[in-house]
Amino acid sequence: MTFTLPPLPYRHDALEPYLSERTLDFHYGKHHQAYVNNLNNLLADAPDLANLTLEEIILKTAGSSATGSIFNNAAQIWNHTFLWNSMAPNGGGEPQGGLATKIIEDFGSFLEFKNQFKQAGVTQFGSGWAWLVYEKGKLKITKTGNADLPMIHGQTALLTCDVWEHAYYLDYQNRRPDYLEIFLNHLVNWHFAEENFTNLKK
Ligand code: MN3
């Protein structure tokens, strides 16, 4: 199977002034595209993986150094597609419905959720991701390094924020805490997270 770059769910300038068109041009148009190109090139030499879906490739290649490059590129395709949907123009605010109730149940308050999510992103050393995940009946905040992602840890991702420098450096330079604050206040797409929560097999 040949993979293609999934369409961005909004225009490259749709997240301004919080994330610039230039950031989206590079992050989506160059970085995400490169993961797609790399994976297609690597799969040309891996016929045993040729007919698998992206998720199947990720699960099958996880944890093996022999397939590390395939895993990294496949997981980064998945992570970035999930990231674009985790943000929206006019994002921010608070979740509604069952997810809102569950956040209060598992974190105590929405503010506590925000603090913990921001803290996870700020304290991820080097490149990686902050996540809201569902595992064994509970919501959790996690952080992962490089291309690592919840699905290989028995968790279901509900929401993510990319804390690789390429995600924010053009707009925020070294100010990762400011970027995470803006992400939570103005970019996060709660409708997407609510949909993921509703679709869980609880
Ligand atoms: Mn990225």
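One is the number of the first residue; the rest follow in order along the sequence. One-based numbering, in listed order, for ligands and for the atoms of each.
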With a 4.5 Å cut-off on side-chain heavy atoms, are V133 and T156 touching? no

Could you tell me how the ring of Y134 sits relative to the ring of F197: parallel (under 30°), tilted (30 to 60°) or perpendicular (over 60°)? perpendicular

Kindly determine whether Y179 and L19 satisfy side chain to side chain contact (heavy atoms under 4.5 Å, CB included), including the steps that lead there. CA-CA 9 Å; Y179 158 67; L19 280 181; 4.2 Å; yes

With a 4.5 Å heavy-atom cut-off, do M87 and V188 have their side chains touching? no

Taking 2.8 Å as the upper limit, name the protein N, O or S atoms near the Mn ion (ligand 1). H27 NE2, H80 NE2, D162 OD2, H166 NE2

Counting heavy atoms not belonging to N199, are there more than 12 under 6.0 Å from its CG? yes

Taking K138's backbone N and O only, do any of them form a donor-acceptor pair with D106's side chain (distance below 3.5 Å, no angle check)? no

